Enquirer: 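Below is one structure. I have some questions about it.
Whatever order the structure lists ligands and atoms in, that order sets their numbers, starting from 1. In this text the structure is predicted, and so the values were computed from the model without any measurement.
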Amino acid sequence: METKKFDVAIIGGGIIGSSIAYYLAKEKRKVAIFEAQQMGGKSTSAAAGMLGAHSEYKEFMQLYPFARSSQLLYKELYEEIKELTTIDFEKKNGGLLKLAYSEEEKRDLESILSLSSVEWLDCTEAREKVPQLAADIVGAAYLKEDVHITPLIACNGLSKGAKLLGAEIYEYTRVLRVEKNGMGYVLKTSQGTFLTDNVVVASGVWSNYFFQQLGLPHEIIPVKGECVAALNDGAPLHYSVFHDQFYIVPRNNNELVIGATKKWNDWTEDPSLDGLQEVIKKAKRMIPEVGKMKWKRAWAGLRPQTYDGYPFIGEHPEMKGLYFATGHQRNGILLAPATGKMIRDLMIGSPVEKRWVDAFKVERHDFMHREELSN
Ligand SMILES: Cc1cc2nc3c(=O)[nH]c(=O)nc-3n(C[C@H](O)[C@H](O)[C@H](O)COP(=O)(O)OP(=O)(O)OC[C@H]3O[C@@H](n4cnc5c(N)ncnc54)[C@H](O)[C@@H]3O)c2cc1C
């Protein structure tokens with residue numbers, strides 16, 4: 001049988017791989033996604049789905065304009081994918097309230113309050129929006145544009161969109177090796193061998209394996225996040241609420257997603273009782289009645305963290321046609337559209353902002369942005 005050949009083979013069917021596939025399929029490239037398990041089944045399905053460009057990044061960071069551009073891209077993608085596939089990302093437009101319990105915490109929020117879409121609410125105003133909030137808050141920064149979606153549905157929408165535009169999807173197909181073959185590459189997988197002109201490694205925390213195999217010194221660190229979902233039988237919550245890295249995000253069917261711990265370099269993928277206890281305690285600090293809600297389920301996922309806090313989005317310094325798109329840590333859902341578009345533009349030779357090419361390039365020094373990250 002003749003070996004199948006593609007223009008682009010993407011390793012990993014999470015939100016990053018699916019977004020890249022969609023943008024390239026739109027350009028009529030012959031794309032294949034190879035996913036070791038189920039599409040979106042790893043970090044992507046564990047995510048809360050906040051599109052937190054303002055909540056997560058300070059304006060001076062390179063990542064803020066990138067994140068903001070991605071947040072804006074979601075607006076058009078949402079409509080486009082719905083029309084093409086009928087899949088609705090379940091976008092919730094309420095936005096996010098970042099709570100302050102003291103004047104000091106209020107001062108910490110000042111840097112985002114200067115942004116045009118962010119507004120300060122005092123305790124009464126915040127509790128008008130979310131009556132369930134704890135009464136001892138000083139107030140909240142209201143981030144109108146930091147809406148949220150359901151990540152697994154968005155991932156499925158993007159991959160289905162790619163498929164309808166001609167992409168092939170190979171689930172339960174693990175890529176074992178990538179080898180150079182003349183001008184292109186050979187992919188050795190658990191389901192046989194494939195040929196391709198270009199490769200994109202989008203394997204989340206498991207991209208380490210390919211960095212090593214392809215001669216690059218980088219390491220992605222797993223940061224485990226544990227979450228619990230509760231059933232809210234009371235008044236519905238229309239906004240996400242956030243404090244001290246923990247959050248409560250409303251989904252359909254009165255489900256509240258409550259998360260998440262941050263466990264550095266922990267490769268285990270099951271939630272622990274200690275971790276769940278911690279997230280429930282933090283959630284009760286924001287909305288006390290959470291403690292009385294019904295338990296639905298709990299899970300954990302591994303955020304792909306880089307040492308400098310920036311993703312790797314770019315071409316291998318020596319191997320032409322071999323790209324990486326990984327290390328999106330706690331914001332991969334938010335950053336997926338801009339990442340998909342950037343890989344497409346790099347591959348087809350369209351202009352890409354130089355500051356992003358430099359900040360995310362694969363051959364950068366790992367520690368370049370550490371100072372900015374720790375600020
Ligand atoms: C608890 C939690 C909450 C989060 N909340 C948010 C949020 O609110 N907003 C936000 O923007 N981000 C959030 N994130 C982060 C976000 O989930 C990740 O940044 C994003 O999912 C990364 O996507 P990915 O496609 O790179 O990785 P993944 O979704 O992990 O996908 C990588 C895929 O590659 C596959 N793979 C690995 N090796 C191979 C191989 N050899 N061959 C074939 N396939 C392979 C894996 O099976 C996997 O499906 C959260 C993460 C966690 C854990």
Enquirer: Tell me the protein heavy atom at minimum distance from atom 34 (O) of ligand 1, and give that distance in Å.
Expert: Gly12 CA, 3.3 Å
Enquirer: If we set the cut-off at 4.0 Å for heavy atoms, which region of Glu226 has an atom near ligand 1: side chain, backbone, both, or neither?
Expert: neither
Enquirer: For atom 33 (C) of ligand 1, find the nearest protein heavy atom and state the residue, atom name and distance (0.1 Å precision).
Expert: Glu35 OE1, 3.5 Å
Enquirer: What atoms of ligand 1 come within less than 4.0 Å of a heavy atom belonging to Ile16?
Expert: 23 (O), 24 (P), 25 (O), 26 (O)
Enquirer: Walk me through whether Glu278 and Lys263 qualify under salt bridge (Lys or Arg N to Asp or Glu O under 4.0 Å).
Expert: CA-CA 12 Å; Glu278 188 185 1; Lys263 294 185 171 165; 5.9 Å; no
Enquirer: With a cut-off of 4.0 Å, which atoms of ligand 1 are near a heavy atom of Ile11?
Expert: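 Here the atoms of ligand 1 in question are 40 (C), 42 (N), 43 (C).
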Enquirer: Using a strict cut-off of 4.0 Å, indicate which atoms of ligand 1 neighbour a heavy atom of Gly301.
Expert: 53 (C)
Enquirer: Based purely on interatomic distance, does Ala48 place a nitrogen or oxygen under 3.5 Å from a nitrogen or oxygen of ligand 1?
Expert: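 Between Ala48 and ligand 1 (N or O atoms, distance only) the closest approach is under 3.5 Å.
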Enquirer: Could you list the atoms of ligand 1 found under 4.0 angstrom from a heavy atom of Ile15?
Expert: 23 (O), 25 (O)
Enquirer: Determine whether Leu63 and Leu72 fall in the same hydrophobic cluster, where Ile, Leu, Val, Met, Phe, Trp and Tyr are linked whenever their side-chain heavy atoms lie under 4.5 Å apart.
Expert: no
Enquirer: Checking Lys98 side chain against Ser55 main chain: does a donor-acceptor pair fall under 3.5 Å?
Expert: yes
Enquirer: When only distance counts, is Leu334 in polar contact with ligand 1, meaning an N/O pair under 3.5 Å?
Expert: yes
Enquirer: I need the nearest protein heavy-atom contact for atom 39 (C) of ligand 1: residue, atom name and distance, please.
Expert: Ala36 CB, 4.1 Å
Enquirer: Do Lys262 and Gln305 have side-chain heavy atoms sitting under 4.5 Å apart?
Expert: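 Side chain of Lys262 against side chain of Gln305, heavy atoms only: no contact under 4.5 Å found.
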Enquirer: Is ligand 1 under 4.0 Å from a heavy atom in the side chain of Cys227, in the backbone, in both, or in neither?
Expert: side chain
Enquirer: Count the heavy atoms of every other residue, nucleotide or ligand shown that sit under 6.0 Å from NZ of Lys284, and state whether that count exceeds 12.
Expert: no
Enquirer: From Asp233 CG over to Lys292 NZ, what is the distance, rounded to the nearest 0.5 angstrom?
Expert: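 Here the rounded value is 13.5 Å.
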Enquirer: Counting C-beta onward and ignoring hydrogens, is there a side-chain heavy-atom pair between Cys227 and Val279 closer than 4.5 Å?
Expert: no
Enquirer: Starting from atom 9 (N) of ligand 1, locate the nearest protein heavy atom and write down its residue, its atom name and how far away it is, to 0.1 Å.
Expert: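 Protein heavy atom with the smallest distance to atom 9 (N) of ligand 1: Met50 O, 2.9 Å.
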Enquirer: Any heavy atom of Ala202 closer to ligand 1 than 4.0 angstrom?
Expert: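 Right, Ala202 reaches ligand 1.
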Enquirer: So, taking the atom named CD1 in Ile10 and the one named CZ in Phe34, what distance separates them when rounded to the nearest 0.5 Å?
Expert: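 It is 10.0 Å, given to the nearest 0.5 Å.
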Enquirer: Would you kindly check if the NZ (Lys) or CZ (Arg) of Arg364 is within the cone defined by 45 degrees around the ring axis of Phe312 and under 6.0 Å from the six-membered ring centre?
Expert: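 Yes, a cation-pi geometry.
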Enquirer: Among all protein heavy atoms in this structure, tell me which lies nearest to atom 41 (N) of ligand 1, with the distance rounded to 0.1 Å.
Expert: Val175 O, 3.0 Å
Enquirer: Taking the six-membered ring for Trp, are Tyr239 and Tyr142 closer than 6.0 Å centroid to centroid?
Expert: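 Under 6.0 Å, so yes.
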Enquirer: Short list, please: which atoms of ligand 1 are under 4.0 Å from a heavy atom of Thr173?
Expert: 43 (C)
Enquirer: So is Leu335 polar-close to ligand 1, meaning N/O to N/O under 3.5 Å?
Expert: no
Enquirer: Do other residues, nucleotides or ligands put more than 12 heavy atoms under 6.0 Å from the NZ atom of Lys320?
Expert: no
Enquirer: Among Ser43, Ser70, Ser240, which one has a heavy atom closest to atom 17 (O) of ligand 1?
Expert: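 Looking at heavy atoms only, Ser43 sits closest to atom 17 (O) of ligand 1.
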Enquirer: Does the residue Thr326 have a heavy-atom contact with ligand 1, meaning some pair of atoms that are separated by less than 4.0 Å?
Expert: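 It does not; every heavy atom stays at 4.0 Å or beyond.
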Enquirer: If we ignore hydrogens and angles and just use 3.5 Å, is the side chain of Ser45 paired with the main-chain N or O of Gly40 as donor and acceptor?
Expert: yes
Enquirer: Closer than 3.5 angstrom, by distance alone: can the side chain of Thr173 be matched with the main-chain N or O of Gln191 as a donor-acceptor pair?
Expert: no
Enquirer: Can you find a side-chain donor-acceptor pair between Asp270 and Thr268 that sits under 3.5 Å?
Expert: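 There is no such pair between these side chains.
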Enquirer: Under 4.0 Å from a heavy atom of Phe210: give me the atoms of ligand 1 that qualify, with their elements.
Expert: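 Taking each heavy atom of Phe210 in turn, ligand 1 has 41 (N) under 4.0 Å.
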Enquirer: Are any of the N or O atoms of Lys42 closer than 3.5 Å to those of ligand 1?
Expert: no
Enquirer: Give the contacting part of Tyr247 toward ligand 1: side chain, backbone, both or neither, where contact means a heavy-atom distance below 4.0 Å.
Expert: side chain
Enquirer: Give yes if a backbone or side-chain nitrogen or oxygen of Ile333 is under 3.5 Å from a nitrogen or oxygen of ligand 1, and no if not.
Expert: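 Yes - when backbone and side-chain N and O of Ile333 are compared with those of ligand 1, one distance drops under 3.5 Å.
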Enquirer: Just distances here: any N/O of Gln329 and N/O of ligand 1 closer than 3.5 Å?
Expert: yes
Enquirer: Does a donor on one side chain and an acceptor on the other come within less than 3.5 Å for Tyr78 and Asp88?
Expert: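 Yes.
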Enquirer: For atom 50 (C) of ligand 1, what is the nearest protein heavy atom, given as residue, atom name and distance?
Expert: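 Protein heavy atom with the smallest distance to atom 50 (C) of ligand 1: Ala47 CB, 3.6 Å.
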Enquirer: Pick whichever of Ala46, Gly17, Ala67, Gly225 has a heavy atom sitting closest to atom 2 (C) of ligand 1.
Expert: Ala46
Enquirer: For ligand 1 and Gly49, I'd like to know whether there is a polar contact (N/O to N/O, distance under 3.5 Å).
Expert: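 By distance alone, the answer is yes.
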Enquirer: Does a sphere of radius 6.0 Å around NZ in Lys163 hold more than 12 heavy atoms from other residues, nucleotides or ligands, not counting ones at 6.0 Å or beyond?
Expert: no
Enquirer: Any nitrogen or oxygen of Arg330 lying under 3.5 Å from a nitrogen or oxygen in ligand 1? Just yes or no.
Expert: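 By distance alone, the answer is yes.
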Enquirer: May I ask you to check if Lys91 and Tyr74 form a cation-pi contact, with NZ or CZ under 6.0 angstrom from the six-membered ring centre and within 45° of the axis?
Expert: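 So Lys91 doesn't make the cation-pi contact.
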Enquirer: Examine Arg303 against ligand 1 and note whether any of their N/O atoms are separated by less than 3.5 Å.
Expert: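 Checking ligand 1 against Arg303, no N or O pair falls under 3.5 Å apart.
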Enquirer: Less than 4.0 angstrom from a charged side-chain N to a carboxylate O is my criterion; do Arg285 and Asp244 meet it?
Expert: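 So Arg285 does not pair with Asp244 through a salt bridge.
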Enquirer: Would you mind running through ligand 1 and noting each atom that sits below 4.0 Å from a heavy atom of Phe34?
Expert: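 Answer, ordered by atom number: 43 (C), 44 (N).
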Enquirer: Considering only non-hydrogen protein atoms, determine which one is nearest to atom 27 (O) of ligand 1 and report residue, atom name and distance to 0.1 Å.
Expert: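 I find the closest protein heavy atom is Gly204 CA, 3.7 Å.
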Enquirer: Should Gly259 be listed as contacting ligand 1, given a heavy-atom distance under 4.0 Å as the test?
Expert: no
Enquirer: For ligand 1, which is the ligand I care about here, please tell me if Ala325 has any N or O atom under 3.5 Å from one of the ligand's N or O atoms.
Expert: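 Among all N and O atoms of Ala325, none is under 3.5 Å from an N or O of ligand 1.
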Enquirer: Looking only at protein heavy atoms, which one is nearest to atom 38 (N) of ligand 1, and what is the separation?
Expert: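 Its nearest protein heavy-atom neighbour is Trp206 CB, 3.6 Å.
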Enquirer: For residues Phe324 and Phe211, establish whether the separation of their ring centroids is below 6.0 Å.
Expert: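 Yes, they do, as the ring centres are separated by less than 6.0 Å.
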